[in-house]
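Worksheet for the structure shown next.
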Amino acid sequence: MYVMLLGAPGVGKGTQAKLLMDRFGIPQISTGDILRAEVQKESPLGKQVKEIMDRGELVSDDLILQIVENRLREPDCSRGFILDGFPRTIPQAEGLDELLKRINPSLQLKVIEIAVPDEIIIKRLTNRRVCPDCGQLYNLLLKPPKNDNKCDDCGAELYQRDDDTEATIRNRLAVYRKNTEPLIDYYQKKGNFYKVDGDQKPEKVFEEIVQLLTN
Ligand code: AMP
């Protein structure tokens with residue numbers, strides 16, 4: 001099962017990717033998570049991308065394609081994967097086409113767009129909190145942790161992403177409209193493209209996605 005989740009920041013791609021990962025036993029490939037891990041480690045790559053990420057701008061296509069190629073060549077991706085937050089530009093989508101041809105020419109990618117109105121996205125992202133240890137996602141309004149700012153699963157102190165401030169969120173949405181939204185047309189033309197309403201409870205969105213993937 002080869003899945004791409006497409007949609008603006010905050011539509012629930014990460015939440016759905018984690019649910020899909022648990023259900024189907026295939027890895028989530030989140031370029032954002034990979035980059036954040038590098039920033040955390042203060043590696044040369046992390047230092048190179050931190051400011052770009054804090055502004056909500058995009059990291060260069062070449063760099064992202066290299067990261068994705070390395071990741072997709074790992075053995076756990078041979079049975080399937082869930083792309084989350086990649087591709088984000090037309091050159092990345094073209095690079096992915098080339099890469100998949102090289103890795104597995106018969107691979108069938110299913111593209112799922114998750115759509116949510118902007119004002120709801122802003123509300124969701126300013127209230128988003130993340131567990132630094134296990135990656136579990138919370139929302140102070142919709143899915144608050146049971147204990148004050150602690151992860152329900154592992155007890156770690158939750159944090160707010162540096163780019164989840166209102167100004168950066170607005171920039172990330174503008175970047176999405178300009179660079180990433182054209183991918184909807186790109187994949188619609190290719191086929192195997194589906195759209196789900198992301199302005200519903202996560203379990204309901206998940207049910208619809210599973211239905212699309214297993215039909
Ligand atoms: P995300 O966690 O997907 O919201 O990504 C966080 C940030 O990482 C983005 O705002 C970009 O700065 C960077 N990033 C993640 N994925 C990509 C990508 N495919 N292309 C370019 N930049 C990316």
Side-chain angles (χ1 to χ4, degrees), residues 3-18 20-21 27-43 45-72 77 81-100 109 111-114 116 118 120-132 134-139 158-184 186-187 198:
V3 188
M4 177 194 297
L5 298 178
L6 201 57
V11 296
K13 300 187 297 297
T15 300
Q16 296 302 322
K18 285 185 176 56
L20 289 168
M21 187 165 76
Q28 169 195 18
I29 316 294
S30 158
T31 42
D33 283 352
I34 295 171
L35 294 170
R36 269 186 296 280
E38 295 295 325
V39 171
Q40 194 88 35
K41 279 192 283 184
E42 298 185 6
S43 69
L45 171 61
K47 286 184 183 148
Q48 191 183 335
V49 299
K50 179 169 179 3
E51 266 190 36
I52 300 172
M53 293 176 74
D54 285 348
R55 287 200 308 268
E57 302 290 337
L58 294 182
V59 172
S60 82
D61 292 333
D62 287 347
L63 196 60
I64 292 286
L65 281 166
Q66 194 54 57
I67 290 171
V68 172
E69 168 143 23
N70 292 342
R71 184 64 188 88
L72 293 189
C77 292
F81 48 74
I82 307 145
L83 296 177
D84 161 14
F86 168 86
R88 261 176 152 98
T89 64
I90 294 281
Q92 287 183 19
E94 290 169 347
L96 176 65
D97 286 346
E98 290 302 314
L99 174 59
L100 294 182
L109 192 64
V111 180
I112 297 182
E113 183 202 350
I114 308 177
V116 174
D118 277 8
I120 292 178
I121 289 179
I122 292 166
K123 211 168 173 183
R124 279 190 188 180
L125 289 184
T126 46
N127 286 290
R128 174 160 73 179
R129 297 293 182 274
V130 189
C131 173
C134 71
Q136 187 58 253
L137 297 166
Y138 294 87
N139 183 292
L158 304 180
Y159 79 105
Q160 181 170 28
R161 278 173 47 170
D162 290 341
D163 58 352
D164 277 346
T165 59
E166 182 151 350
T168 305
I169 292 164
R170 288 197 187 275
N171 191 35
R172 286 158 65 202
L173 285 173
V175 167
Y176 174 78
R177 296 279 169 255
K178 181 165 176 273
N179 298 284
T180 312
E181 213 168 44
L183 295 180
I184 292 173
Y186 181 89
Y187 286 110

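Every number for a ligand or one of its atoms is a count from 1 in the order of the listing. The structure displayed is predicted, hence computed values, not measured ones.
Distances shorter than 4.0 angstrom do not occur between any heavy atom of Lys13 and any atom of ligand 1.
How far CD1 of Ile112 is from CD1 of Ile82: 10.0 Å, rounded to the nearest 0.5 Å. In this structure, Asp84 CG and Ile29 CD1 are separated by 9.5 Å, a value rounded to the nearest 0.5 Å. Expressed to the nearest 0.5 Å, how far OG1 of Thr89 lies from CG of Leu183 amounts to 7.0 Å. Expressed to the nearest 0.5 Å, how far CG of Leu35 lies from CD1 of Ile67 amounts to 4.5 Å.
Between Arg88 and ligand 1, an N or O atom pair is found at a separation short of 3.5 Å. Residue Gly85 has at least one nitrogen or oxygen atom sitting less than 3.5 Å from a nitrogen or oxygen atom of ligand 1, judged on distance alone. Backbone and side-chain nitrogen or oxygen atoms of Arg161 are examined, and one is located within less than 3.5 angstrom of a nitrogen or oxygen of ligand 1. Residue Ile64 places no N or O, backbone or side chain, under 3.5 Å from any N or O of ligand 1. In terms of N/O distances under 3.5 Å, ligand 1 is not approached by Asp33.
Side-chain N or O atoms of Arg124 include one that pairs as donor or acceptor with a backbone N or O of Val11 at under 3.5 Å.
Looking only at protein heavy atoms, the nearest one to atom 16 (N) of ligand 1 is Thr31 OG1, 2.7 Å. For atom 22 (N) of ligand 1, the closest non-hydrogen atom of the protein is Val59 N, 3.1 Å. Ranking the protein heavy atoms by distance from atom 20 (N) of ligand 1 puts Gln92 NE2, 2.9 Å first. When only non-hydrogen protein atoms are considered, atom 12 (O) of ligand 1 lies nearest to Glu57 O, 2.5 Å. Of the protein's non-hydrogen atoms, the one nearest atom 13 (C) of ligand 1 is Leu35 CD1, 3.6 Å. Of the protein's non-hydrogen atoms, Met53 CE, 3.8 Å is the one closest to atom 7 (C) of ligand 1.
In this structure, Leu65 and Glu94 have side chains that are not in contact, with every pair of non-hydrogen atoms separated by 4.5 Å or more. Lys50 places a side-chain heavy atom less than 4.5 Å from the side chain of Asp162. By the 4.5 Å heavy-atom criterion applied to side chains, Gln48 and Glu38 are not counted as neighbours. Inter-residue side-chain proximity for Leu173 and Ile122 is flagged as met; some heavy-atom pair is nearer than 4.5 Å.
Residue Arg172 approaches ligand 1 through these ligand atoms, each under 4.0 Å from one of its heavy atoms: 4 (O).
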